[in-house]
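FYI, side chains are in, hydrogens and waters are out, and symmetry mates aren't considered; it's all heavy atoms of this structure.
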Amino acid sequence: MKDLRHFIGQLEQNEELVRIKKEVDWDIELGAISRRVYDQYGPCLWFEKIKDYPEGYTVINGECGTWRRVAIAMGLDADTPLREIYKEYEKRIEGRVQPNIVDRKSAPCKENVFIGEQADIYRLPAPLIHEGDGGRYIGTWDAVITKDPETNWTNWGMYRFMIHNQNFLAGWPQTTSQFAMMLNEKYVPKNQPMPVALVIGSHPLDHMVATAPMRPGVNEAEVAGSLRGEPVDLVKCETSDIMVPANAEIIIEGEIPTDAIVPDGPFGEYPGFRSGTMAEGVAFRIKAITHRNNPILSMTALGAPVDDSSIAASLTAAVGMKLGLQRRGVDVTDVYVPPEGVTHLVIVGVKTGGIEVTRKVLDFFIARRVMVSKVIVVDKDVDVFDMKQWIHAFATKCHPGRSIVVEHFVGKSNALTPCYDADERRILKGAFAAFDATWPLEWPKENIPPRATFKEIYSQETQDKVLAKWHEYGF
């Protein structure tokens, strides 16, 4: 599966796509339809006729808005269980597949090339997604590619970009992001503009990789190839040496000047609330736009879960956290980020619990930047993927007086955490709470009550007897 178009075909085969042939207005209507479908756990939407735009200029929303669609993107059966999706992703994410470098003449994303003054962003049907947004957002389900000028490491990330005018975008990468750190540490000191490529409508797994918390130096094109199970075709940009997926629908090339800011937002962000007021964003000067014939603009109408953002982060963040905790010496069984918790809540299963292990888990999460605010640590017999099990463990095993560990910090919190006030967001002040929902290590075994479930409180003899007669009971 090389590209978005092949994926669309797979979605149709699995009845996960609805083609909307009626003309839809890019101004609010498209976003409102998309948001209501998310709220109903509905299908991926392909808007085939956009007001004010010629035939062939279309928009797709919700590529990875359900676990079924994530499984399809990974080439798995659509009904693959969640645990198996996690396991397969974790296996592939550790692999590396070298990309293919292709000539621009054979790159579909170069079928139409507009450079300089011809690179008018209004050629593309970017939607005004939510009422109250600061503008039309072209970058929501994207991959933003930047390059370290000293090491040549290329970073893929997912950041929002709003149309400012026909030649400029406004972006808001959080100061703790790799994008912002690369800009502020490598380009600003030299007063050197940072080249950027905004990739829209690539293979859905490319966008998943862009959400993943990869360590600096990791070649994300190689990771995307491992996830796909085949090399990613890359081609050089027209105005920089950044390499981009050759089969993507749209590439917006540009640079971030170090001496300019533009207003960005507000925006209905991934935690499920409008992000706040207009902010000082980075300016993205557009230098070129290339796209396929009949380009498909990929987007996500971000908001209250569940949507592409919360699903993607559930998978990519959780596996990244699991590997990171293991590197820290925590004996982890599994990590789950419930999509409903929009990465602000994490469930960590450990082989051996206790308050000290919980403190060790907390130390991992607050070591660098703190995008999460709450973690629940559970014993190995609790299935972290089963909400009823971890809620039960939290409700009954977490002592309210001695099982909660809280740390406060300044300068590294998530400015999009809705419960933080304006001053806390401004200085990135936050807190992190770890809830120990495991049995205390010092308790004698006989003090630990058995869980009253069929498999745990009844003898094997009783279980076998009941199961042997199950159909006789009338079930």
What pairs of donor and acceptor atoms, side-chain ones from residues 324-337 against any protein atom, are under 3.5 angstrom apart with sequence neighbours left out?
unit_1, atom_1, unit_2, atom_2, d
T333, OG1, G349, O, 3.1
D334, OD1, K322, NZ, 3.4
D334, OD2, R83, NH1, 3.0

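- A donor-acceptor contact shorter than 3.5 Å links the side chain of D308 to the backbone of E63.
- Summarising the local packing, CD of E117 is surrounded by 12 or fewer heavy atoms from other residues, nucleotides or ligands at distances under 6.0 Å.
- The list of salt bridge (Lys or Arg N to Asp or Glu O under 4.0 Å) pairs with a residue in residues 291-304, not counting sequence neighbours, reads D3-R292, E249-R292.
- For Y270, the side chain to side chain donor-acceptor pair (under 3.5 Å) criterion is met by N414, not counting sequence neighbours.
- Residue K429 places its NZ atom among 12 or fewer non-hydrogen atoms of other residues, nucleotides or ligands, all under 6.0 Å distant.
- The salt bridge (Lys or Arg N to Asp or Glu O under 4.0 Å) pairs that include a residue from residues 73-82 are R68-D79, where partners are two or more places apart or lie in different chains.
- Two rings, from H291 and F114, have their centers less than 6.0 Å apart.
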Got a list of side-chain donor-acceptor pairs under 3.5 Å for residues 208-221, not counting sequence neighbours?
unit_1, atom_1, unit_2, atom_2, d
T211, OG1, M208, O, 2.7
T211, OG1, T316, OG1, 3.0
N219, OD1, A221, N, 3.0
N219, OD1, E222, N, 3.2
E220, OE1, N155, ND2, 3.4
E220, OE1, W156, N, 2.7

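- Under the ring pair (Phe, Tyr, Trp, His ring centres under 6.0 Å) criterion, F47 pairs with no residue, sequence neighbours left out.
- Legend: residues meeting salt bridge (Lys or Arg N to Asp or Glu O under 4.0 Å) with K186, ordered by chain and number and at least two apart, are D148, E150.
- Between E253 and K287 there is no salt bridge, since no side-chain nitrogen of the basic residue lies less than 4.0 Å from a carboxylate oxygen of the acidic one.
- Sorted by first and then second residue, the ring pair (Phe, Tyr, Trp, His ring centres under 6.0 Å) pairs with a member in residues 295-316 form an empty list; sequence neighbours excluded.
- With a 6.0 Å radius and a threshold of 12 heavy atoms from other residues, nucleotides or ligands, R36 has its CZ atom at or below the threshold.
- Under the side chain to side chain contact (heavy atoms under 4.5 Å, CB included) criterion, E29 pairs with V24, D25, I33, not counting sequence neighbours.
- Between the side chain of T140 and the main chain of T300, a donor-acceptor pair closer than 3.5 Å is present.
- With hydrogens and angles ignored, the 3.5 Å screen pairs a side-chain donor or acceptor of Y137 with a backbone N or O of G265.
- Looking at Y41 and V306, their side chains come closer than 4.5 Å, going by heavy atoms from C-beta outward.
- Every residue meeting the side chain to side chain contact (heavy atoms under 4.5 Å, CB included) condition with P125, not counting sequence neighbours, appears here in chain and number order: I50, Y53, Y57, V59, L297.
- Applying the side-chain hydrogen bond (donor to acceptor under 3.5 Å, both in side chains) test to pairs two or more places apart or on separate chains, those with a residue in residues 119-130 are H130-D133.
- Remark: K91 engages E88 in a salt bridge, criterion side-chain N to carboxylate O under 4.0 Å.
- Applying the ring pair (Phe, Tyr, Trp, His ring centres under 6.0 Å) rule to pairs touching residues 181-220 yields W141-H207, sequence neighbours excluded.
- Residue K380 qualifies as open at atom NZ: its count of foreign heavy atoms under 6.0 Å is 12 or below.
- Salt bridge K51/E23: absent, no basic N to carboxylate O contact under 4.0 Å.
- Distance alone, capped at 3.5 Å, is enough to place a donor-acceptor pair between the S298 side chain and the G201 backbone.
- For S314 and Y86, the side-chain atoms include at least one donor-acceptor pair closer than 3.5 Å.
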